[in-house]
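Just below is one structure, and these are the notes that go with it.
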2 protein chains.
Amino acid sequence: MGAEDRNAVEQWGLFEITLQGSDTGNPFLDVDLWAEFTHERGTIRVSGFYAGGGEYRVRFMPEAQGAWRYRTQSNLPELDGVTGSLECTAPSKENHGPVRVADPYHFAYADGTPYYPVGTTCYVWNLQGDPLEAQTLETLRHAPFNKLRFCVFPKHYVFNQNEPPAYPFLGELPRDRAVPLPSFTSPPPPPPDVWDFSRFNGPYFDHLEQRIADLQKLGVEADLILFHPYDFGAWGFDQMPHEVNLRYLRYIVARLSAFRNVWWSFANEYDLMFNRTLEDWDSYFKLVQDLDVFNHPRSIHNCLAFYDHTKPWVTHCSVQHGDLARMATWQRQYGKPVVVDECGYEGDIDQLWGDLPPEELVRRFWLGFVEGGYVGHGETYWNEEEVLWWSKGGTLRGESVPRIAFLRRVMEGVPSAGIVPLSPVRFSDFNSIEEARGWLQSRARDTAPLAGAALGLEAAGWSGSDYYLLYFGAHQPLWRTFDLGQGDFAIDVIDTWQMTVTRFAEHASGQVRVALPAKPYQAIRIERSRV
Amino acid sequence: MGAEDRNAVEQWGLFEITLQGSDTGNPFLDVDLWAEFTHERGTIRVSGFYAGGGEYRVRFMPEAQGAWRYRTQSNLPELDGVTGSLECTAPSKENHGPVRVADPYHFAYADGTPYYPVGTTCYVWNLQGDPLEAQTLETLRHAPFNKLRFCVFPKHYVFNQNEPPAYPFLGELPRDRAVPLPSFTSPPPPPPDVWDFSRFNGPYFDHLEQRIADLQKLGVEADLILFHPYDFGAWGFDQMPHEVNLRYLRYIVARLSAFRNVWWSFANEYDLMFNRTLEDWDSYFKLVQDLDVFNHPRSIHNCLAFYDHTKPWVTHCSVQHGDLARMATWQRQYGKPVVVDECGYEGDIDQLWGDLPPEELVRRFWLGFVEGGYVGHGETYWNEEEVLWWSKGGTLRGESVPRIAFLRRVMEGVPSAGIVPLSPVRFSDFNSIEEARGWLQSRARDTAPLAGAALGLEAAGWSGSDYYLLYFGAHQPLWRTFDLGQGDFAIDVIDTWQMTVTRFAEHASGQVRVALPAKPYQAIRIERSRV
C-alpha cells in the first residue's frame with residue numbers, strides 16, 4: 001500500500017491496511033503494531049495483528065464521514081510510520097452501523113434505526129464444513145433472526161462429537177486418540193499437549209471472518225462467544241494459561257472489531273468454567289473494553305448464577321433463565337437491556353433445556369418482549385445425523401419460527417424505542433406488606449388507562465403512551481375490561497399462535513369490554529387512533 | 001346434665017356439656033366458663049361459650065381412650081363446679097383423628113395414617129342457602145378433595161353480590177342500602193353501623209358447625225378462613241375493633257376446636273387487610289395457639305407478600321403463588337410443609353387468578369407434589385347465574401378434577417410419608433458461582449441413581465430410597481436415560497393428562513433408556529421391585 005493512496009470506504013465499513021514485514025522469530029509475540037486514524041473530530045488508535053506469511057494487518061471501522069489520515073507505529077521498522085488516508089462515504093442502504101444500547105433497556109443501530117434483537121443460537125455452525133455452513137446461511141436468509149450466537153472455539157458435548165475442520169492454534173492432534181466423555185460433575189482430564197499457544201492458526205480466523213461477513217450481508221449480528229466450557233479435555237481451549245487468554249483476546253479484538261456486526265459474549269455458561277475466578281472474567285471485560293475502540297456490545301452468559309451485570313463494562317444482560325416473567329425485575333436490578341439468549345429450546349432431546357414444545361417457546365418470547373426485554377431461539381429436534389440447529393445449524397423444522405417472525409413484525413410496529421413493562425413486579429414476590437401496598441397504590445395511580453386491567457394480566461407493556469400491549473400467555477379469559485378514558489383507541493385481538501390480528505374496535509373510548517376466545521396465547525393491542 | 005352421668009364418646013369425637021344459666025346482662029361479656037378434663041395422663045382445660053337462650057356449652061375432643069372426669073369453673077355460680085365423666089372409646093373406622101404435621105414437610109392424621117392435602121376452595125359456599133349447599137356437599141362426595149377452604153364471614157367481591165342468609169353478630173341492615181363497589185385501590189367506605197359486636201348471632205355459628213360436621217362425614221378437612229378483606233364497607237367485618245377481633249377468636253375456638261377436622265387459616269390475603277399490622281396477626285396466632293388445646297393446624301395466606309412462616313405459631317405455609325417450581329425453595333426457607341392453596345384456578349373469567357386452562361392447573365398440581373409439597377384447586381368458569389365453584393360451590397365442570405383424582409391415587413401409592421424433592425434449587429437462581437458449584441457437586445454425590453437425570457428434569461422427588469418420581473411438565477422429551485446401578489426396579493411411564501400408567505420395564509437395572517412419547521405432561525415412576 002502506497003503512502004498516500006486515496007481509499008474510499010463507507011461509514012461503518014471495514015478498512016484494512018496490509019503491510020509486509022519480517023517473519024523471523026515469533027511475530028505473534030515479538031511484533032507490536034498500531035495505527036492512529038485521524039479525522040477532523042479526533043484521533044483513534046487501533047492495534048494490528050500478524051496474519052501469517054509475513055503479512056501484517058490493521059483494521060478500522062470509520063464512524064465519521066469525510067477525510068481520515070492514518071499513521072502506523074511498530075517496533076518493526078518496516079511497519080512503522082506508514083501513512084495513508086481514506087475517504088469515508090455515506091453508508092449503503094442496508095448498512096445502519098453497529099448496534100448500541102440506545103435507551104436504558106433497548107437497542108438501536110448507530111444511525112438511529114431501532115434494533116430489536118431476535119436471536120438464535122448455532123454454537124459451532126461455523127466449524128461444520130462448507131456444505132452445512134452454506135445451508136445454515138440459506139436457512140437464515142429466510143428466517144426472522146437478526147442475531148446469531150456462536151463460538152470461536154470448537155465444542156465437545158452431547159450431539160457434538162465431530163472434530164472441527166481446523167484449530168485456532170498451530171499444532172497437530174495425534175490420530176486415533178481417545179476423546180473423553182463430556183461431564184460437568186467430574187474434573188476434566190488433562191487435554192492433549194500439542195498446541196503452540198504462541199501461534200494462532202490464521203486460516204481458522206480467516207474462516208471465522210468469512211462467516212461474520214456472510215452474516216453481515218444477511219443483516220445478522222454475530223454474537224461471538226469468546227470462551228465456553230464444552231471442551232472436557234478434548235482440546236483444552238478452556239484450560240489455557242491466563243496470559244494466553246489475554247493474548248487471544250487482544251488478537252481477536254485486532255482482527256474482528258472493525259466488523260460492524262460483531263458483539264462480544266465473554267462466555268457461554270461462564271459459571272461452569274470451574275478454573276476461572278470472577279476476577280479473571282472482569283479482567284477480560286476490562287481488556288476488551290480498553291482495546292475495542294468501536295465499543296461493540298459486551299455481555300456474559302450464565303448457567304446457574306448471574307454475573308453482576310451492574311459492572312460498568314457490561315453493556316447488556318445476556319441471561320439464561322426459563323422464567324420470563326422475571327424480565328422486568330432483572331431490568332430494574334441491572335438497569336440495562338435484558339436479552340434472555342437461552343430460555344430453553346424447541347425440541348425433543350433428553351435435556352431440560354432442549355425439549356420445549358413450540359407453544360412454550362413462543363409463549364416465552366412474547367412474555368419477555370411484553371415485559372420489556374428480548375428472548376432468543378434455539379432448536380434441538382433429535383435426528384439420526386445429530387445435526388441439531390442449536391449447535392450445528394442446517395435446517396429448521398420447528399413450529400416456533402414462523403410465530404417468532406410474526407412477533408418480530410409486531411415488535412417493528414411499536415411506535416417508540418421499545419416496550420416499557422407495565423407491571424414490573426410479580427404478585428407474591430414482595431418482601432413486606434409495606435412494599436406490596438406501595439406497589440398496589442402506585443399501580444392505581446401510574447398505569448391508567450389500564451390500571452385495573454394490569455393487576456390481572458400475565459404481562460403488559462406500553463410504549464410512548466399511545467400504545468399498549470397485553471399478553472395472556474397460557475391463560476384463557478373470556479373477556480377483559482379496560483377504561484380508556486377520553487382517548488380514541490384502535491383495539492386488536494392478536495392470536496399469537498395462529499398469527500392472526502383481528503380488529504375489535506376502530507375507535508374505542510371509556511369503559512370497553514374486549515371479548516376474547518377463551519383459549520391460550522392471546523394478546524390485546526391498544527393503539528391511539530391516528531388522526 | 002347430671003353430676004355423674006356416664007357418657008361414651010369415641011376418640012377424637014366431640015363431647016359437649018350443656019348447662020343452663022342466667023342470661024341477664026350480656027353473657028358474652030359477663031360470663032367466664034371453663035372446664036377441666038382429667039385423664040390418668042393429665043388434665044386439659046378448655047373454655048366454654050354462651051350459645052343463647054340461657055344455654056352455655058363446653059366442648060371437648062378426647063385424644064386418649066379410657067376414663068375422663070371433668071369439672072367446670074365459672075363466675076356464674078350455677079355454672080361453677082359441675083362435674084361429670086366420660087368414657088372415650090376406640091375411634092370408628094373412618095375417624096383417623098385430627099391432622100398434624102408429621103414430618104418436617106408432610107402431614108398425617110393423629111392415628112398415623114398419612115394425610116396428603118388435596119384441597120379446593122369455595123369461599124362462602126356455607127352462606128348460599130340449603131339447596132346450593134346440599135349440591136356442593138353432593139359434588140364433594142364424588143370429588144377427590146379432602147380439604148375445603150372457606151370463610152367464617154360473608155364475602156363481597158366480583159361474582160359475589162348476594163347477601164348471606166344471616167350475619168355473625170346481632171343487628172339489622174337497613175333495607176335498600178347502596179352496597180359499595182369492591183375495590184382494593186381506594187380506601188373502603190365506612191360500613192353500616194348496625195352490629196352489636198358484643199353479641200354473636202348463635203344460629204349463624206350453628207349453621208357453620210353443621211357444615212363443618214357435614215364435611216367431616218365426607219372426610220374433608222375444614223380449612224376455616226377467620227378473616228378476609230372482601231368486605232369493602234358492605235358489612236364492616238374487616239373493620240371491627242381489635243378487642244372484638246380477639247373476642248371473636250376466643251368464641252370461635254371455644255365453639256369449633258372440638259371438631260377434629262377444623263384448621264385455622266388466620267386470613268385469606270392478610271396483606272390486603274390494610275388496617276392491620278403484622279403485630280395484629282401475631283397476636284391472633286398467639287391467642288389461638290394458647291386457647292386451642294387440640295392444636296389444630298394454623299396458617300395464614302398471602303396475596304402479595306409472604307408472612308414470615310418461620311414464626312413458631314405457624315404449623316405450615318399456606319401460600320398463594322403461581323410458580324410451583326419454587327416449592328422446594330419455600331420448604332428450605334420455612335422448614336415446614338408447604339400447601340399452595342391458591343396457584344390460580346381453572347376457569348375463564350377476566351382475572352389472572354381465575355383463567356387457567358385445566359392443563360396448566362394440573363401441571364401446577366404435579367409440579368408442586370413432585371417437588372415435595374401440595375397444591376390446591378379452584379374453579380372459576382363464568383356462568384350467567386354467577387355461581388362459580390371457587391366462591392359459592394355448586395357443581396364442577398372443569399377437566400382438572402379427574403386428573404387431580406388420578407394424582408391423588410399416585411400420591412397414595414408413595415411408600416413413606418411423602419416426597420422429598422430431588423432438585424431443591426432451580427437453575428439460574430444461585431447467588432454466586434461458589435453456591436452453584438457446591439450444589440452441582442452435591443447433586444453428583446447425593447442423588448444417585450438419578451444424579452445425571454436430575455440435572456435435566458423439571459421436577460423430581462424420591463421417597464424412602466425405593467421410590468422415584470420424575471415429572472416433565474410442559475416439556476416433550478423423546479427419551480430419558482437413568483443409571484439404576486445394581487438395583488432391581490419397575491418403571492412406569494405416566495401420562496398425567498390422559499391418566500394412563502404404562503409399564504415400561506418390570507425389572508430394570510444399570511443404564512436404562514426410557515422411551516417417552518414426546519408430548520407434554522409425562523412422568524416416570526421408578527420403584528424398587530417387591531420381592
Side-chain angles (χ1 to χ4, degrees), chain A residues 184-186 270-272 274 277-278 302-306 319-323 325 344 347-357 359-360 382 426-433 435-437 439-441 443-444 451-452 455-458 472 474-481 513 518-520, chain B residues 184-186 270-272 274 277-278 302-306 319-323 325 344 347-357 359-360 382 426-433 435-437 439-441 443-444 451-452 455-458 472 474-481 513 518-520:
Chain A
F184 278 120
T185 49
S186 47
Y270 80 100
D271 47 338
L272 297 184
F274 297 139
T277 64
L278 280 176
N302 65 288
C303 176
L304 298 160
F306 281 33
V319 163
Q320 177 176 164
H321 207 288
D323 183 4
D348 59 10
I349 58 171
D350 63 333
Q351 306 283 327
L352 180 67
W353 47 261
D355 62 358
L356 290 184
E359 292 87 349
E360 177 60 17
W382 183 82
R426 314 306 300 181
F427 281 101
S428 306
D429 283 342
F430 294 91
N431 295 311
S432 71
I433 298 189
E435 197 181 84
R437 286 180 194 171
W439 175 78
L440 206 59
Q441 283 156 9
R443 282 278 69 77
L455 292 175
L457 287 165
E458 187 170 30
F472 301 97
H475 296 258
Q476 54 171 19
L478 259 173
W479 78 95
R480 280 295 168 93
T481 309
R513 180 186 167 116
K519 61 180 183 174
Chain B
F184 279 119
T185 49
S186 47
Y270 79 102
D271 47 337
L272 296 185
F274 298 138
T277 65
L278 281 175
N302 65 288
C303 176
L304 298 158
F306 281 32
V319 164
Q320 177 176 165
H321 207 288
D323 182 4
D348 59 10
I349 58 170
D350 65 332
Q351 305 284 327
L352 180 67
W353 47 263
D355 64 357
L356 291 184
E359 293 86 348
E360 178 60 17
W382 182 82
R426 314 306 301 181
F427 282 101
S428 308
D429 282 341
F430 294 91
N431 295 311
S432 70
I433 297 189
E435 197 182 84
R437 286 180 194 172
W439 175 78
L440 206 58
Q441 282 155 11
R443 283 278 69 76
L455 293 175
L457 287 165
E458 187 171 27
F472 301 98
H475 297 258
Q476 53 170 18
L478 259 174
W479 78 95
R480 279 295 167 93
T481 309
R513 180 185 167 115
K519 60 179 182 175

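All of these numbers come straight from a predicted model, not from anything done at the bench. Every chain is numbered from 1, with letters handed out A, B, ... down the list of sequences.
Taking Glu359(A) as the reference, nothing meets the side-chain hydrogen bond (donor to acceptor under 3.5 Å, both in side chains) condition, with sequence neighbours excluded. Under the side-chain hydrogen bond (donor to acceptor under 3.5 Å, both in side chains) criterion, Asp323(B) pairs with Arg326(B), sequence neighbours left out.
When all heavy atoms are compared, the tightest approach of Gln351(B) to Arg480(A) is C-NH2, 3.5 Å. Pro477(B) and Asp350(A) get closest at one heavy-atom pair: CB-CA, 4.5 Å. A pairwise comparison of heavy atoms in Asp348(A) and Trp479(B) identifies O-CZ3, 4.1 Å as the closest pair.
Of the residues considered (Ile349(B), Val319(B), Thr277(B), Leu278(B)), Ile349(B) shows the highest number of contacts with chain A, using heavy-atom pairs under 4.5 Å. Most heavy-atom pairs under 4.5 Å with chain B, from the set Gly354(A), Pro357(A), Pro520(A), Gly347(A): that is Pro357(A).
Between the side chain of Gln476(A) and the backbone N or O of Leu356(B), at least one donor-acceptor pair lies under 3.5 Å.
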